[in-house]
Amino acid sequence: MRAIIILVCIAALVAGCGESSLATGKTRVVAAFYPLAFAAQKIGGAKVEVLNLTPAGAEPHDLEVTPSTVRELRGADLALLLGHGFQPQLEKAAGGSDSVLLLLDTPGLQRYSNGDPHVWLDPVRFSLIVKRIGSALHAPGPTQRLVAQLQVLDREYRRGLAHCVRREIVTSHEAFAYLGERYGLHQVAITGLTPEAEPSPRDLQDVISIVRNTHATTIFFETLVSPRIAETVAHETGAKTAVLNPIEGLKPDEVKAGKNYFTVMRSNLAHLRAALGCR
């Protein structure tokens with residue numbers, strides 16, 4: 001059924017594509033989800049028109065391809081996708097044009113073999129993606145400035161997490177392995193890479209045992225999915241809950257408040273420091 005929907009969407013291209021970049025004078029960039037859209041906008045500034053295909057408040061794994069989505073992808077000067085099955089319908093709809101960048105193919109990322117896509121939560125790895133986007137947009141100056149900001153963020157994390165009572169982070173979703181590896185933390189995930197997955201009773205009991213044995217004080221949940229499972233573990237162990245945001249997208253109220261990748265990453269750092277007893 002999904003294949004049929006994608007074929008129908010592609011056929012709909014005969015109805016016309018989006019507004020040409022020649023008409024606006026700007027490079028039209030279509031990004032699959034928030035971190036890629038953020039990087040493109042920061043690098044391109046007023047010279048680009050960036051469309052984030054995943055609306056604010058939506059989970060990028062849940063994005064459905066429509067005829068409009070395909071028109072935007074095929075009409076863009078540059079399409080930014082993560083690739084490797086993160087949003088498979090988008091990847092099929094985008095095709096193999098030279099204007100499509102699959103950013104998990106960026107050299108040097110040293111990705112995990114389990115398919116974990118959350119490389120943007122490590123500022124060092126995200127810098128590599130930023131450089132590739134900057135190269136595609138022919139904007140070396142803004143790219144260097146964004147990379148410098150990520151280097152500052154990396155130093156803040158290194159200092160902030162250097163001296164902590166605990167090193168285990170208990171999360172509702174297995175999204176923080178790259179961040180954990182970078183800063184010497186051990187992730188204990190209640191569910192796997194798919195945020196909507198339900199843990200088995202055995203898995204849930206294993207996590208509860210780890211929380212008790214490590215004296216973890218906080219169970220982390222994220223903003224775009226239900227906190228129910230994290231709350232269950234917290235209730236069973238006497239721990240509290242707090243947000244650790246994987247930044248797959250922002251909620252509408254976060255957008256309205258002016259939050260962005262850097263403000264959310266710094267909020268994550270503050271929550272980690274509180275949970276781990278860092279000084």
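Index from 1, following the sequence.
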Is there a donor-acceptor pair closer than 3.5 Å between any side-chain N or O of [X] and the backbone N or O of [Y]?
{"X": "T241", "Y": "I219", "result": "no"}
{"X": "R74", "Y": "A94", "result": "yes"}
{"X": "S209", "Y": "Q205", "result": "yes"}
{"X": "Q41", "Y": "G45", "result": "yes"}
{"X": "N268", "Y": "L244", "result": "no"}
{"X": "Q187", "Y": "A175", "result": "yes"}
{"X": "T191", "Y": "P199", "result": "no"}
{"X": "T27", "Y": "V48", "result": "no"}
{"X": "Q87", "Y": "P60", "result": "yes"}

Verify side chain to side chain contact (heavy atoms under 4.5 Å, CB included) between R125 and Q110, making sure each step is shown before the conclusion. CA-CA 9 Å; R125 285 180 169 92; Q110 297 181 337; 4.0 Å; yes
State yes or no: do [X] and [Y] share one hydrophobic cluster built from I, L, V, M, F, W and Y residues joined by side-chain heavy-atom distances below 4.5 Å, directly or via other members?
{"X": "L150", "Y": "L109", "value": "yes"}
{"X": "I229", "Y": "V188", "value": "yes"}
{"X": "L185", "Y": "I210", "value": "no"}
{"X": "V130", "Y": "L128", "value": "yes"}
{"X": "L36", "Y": "L102", "value": "no"}

[Y] and [X], any side-chain heavy atoms less than 4.5 Å apart:
{"X": "L224", "Y": "K251", "answer": "yes"}
{"X": "R182", "Y": "D154", "answer": "yes"}
{"X": "V225", "Y": "E59", "answer": "yes"}
{"X": "L272", "Y": "C278", "answer": "no"}
{"X": "L53", "Y": "F33", "answer": "no"}
{"X": "Y157", "Y": "M265", "answer": "yes"}
{"X": "T223", "Y": "E254", "answer": "yes"}
{"X": "E248", "Y": "H61", "answer": "yes"}

Member of V147, L153, T143 meeting the side-chain contact (heavy atoms from CB on, under 4.5 Å) criterion with S127: V147
Heavy-atom pair with the smallest gap, counting every atom of [X] and [Y]:
{"X": "P246", "Y": "L121", "value": "O-CD2, 3.5 Å"}
{"X": "A93", "Y": "L73", "value": "CB-CD1, 4.0 Å"}
{"X": "N52", "Y": "A37", "value": "CB-CB, 3.9 Å"}
{"X": "D116", "Y": "A177", "value": "OD2-CB, 3.6 Å"}
{"X": "A136", "Y": "L101", "value": "CB-CD1, 3.8 Å"}
{"X": "S172", "Y": "A230", "value": "CB-CB, 4.3 Å"}

Ring center gap for Y112 and Y178 short of 6.0 angstrom: yes
What distance separates [X] [atom1] from [Y] [atom2], expressed to the nearest 0.5 Å?
{"X": "K42", "Y": "Q149", "atom1": "NZ", "atom2": "CD", "value": "4.5 Å"}
{"X": "E236", "Y": "L204", "atom1": "CD", "atom2": "CG", "value": "8.0 Å"}
{"X": "T263", "Y": "I247", "atom1": "OG1", "atom2": "CD1", "value": "8.0 Å"}
{"X": "I190", "Y": "T232", "atom1": "CD1", "atom2": "OG1", "value": "8.5 Å"}
{"X": "L82", "Y": "I129", "atom1": "CG", "atom2": "CD1", "value": "6.0 Å"}
{"X": "E222", "Y": "T171", "atom1": "CD", "atom2": "OG1", "value": "8.0 Å"}

Pairing donors with acceptors under 3.5 angstrom, does anything connect the side chains of [X] and [Y]?
{"X": "H84", "Y": "E91", "result": "no"}
{"X": "N260", "Y": "Y34", "result": "no"}
{"X": "S68", "Y": "T66", "result": "no"}

Only one of Y261, F262, W120 passes ring-ring contact (aromatic ring centres under 6.0 Å, His included) with F126; say which it is.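 One option only clears the test, and that one is Y261.
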Does H118 form a side chain to side chain donor-acceptor pair (under 3.5 Å) with E174? I'd like the steps, not just the answer. CA-CA 9 Å; H118 301 89; E174 191 179 358; over 6 Å; no
Applying side chain to side chain contact (heavy atoms under 4.5 Å, CB included) to T214 and R166, what does each step give before you reach the verdict? CA-CA 8 Å; T214 60; R166 291 170 293 279; 5.9 Å; no
Would you sort out whether L269 and L161 count as a side chain to side chain contact (heavy atoms under 4.5 Å, CB included), showing the intermediate values? CA-CA 8 Å; L269 176 57; L161 298 173; 3.8 Å; yes
With side chain to side chain contact (heavy atoms under 4.5 Å, CB included) as the criterion, how do D105 and R132 come out once you've worked through the C-alpha distance, each side chain's angles and the decisive distance to 0.1 Å? CA-CA 10 Å; D105 290 334; R132 191 166 174 214; 4.1 Å; yes
Applying ring pair (Phe, Tyr, Trp, His ring centres under 6.0 Å) to F176 and F220, what does each step give before you reach the verdict? CA-CA 11 Å; F176 299 93; F220 288 109; 7.7 Å; no
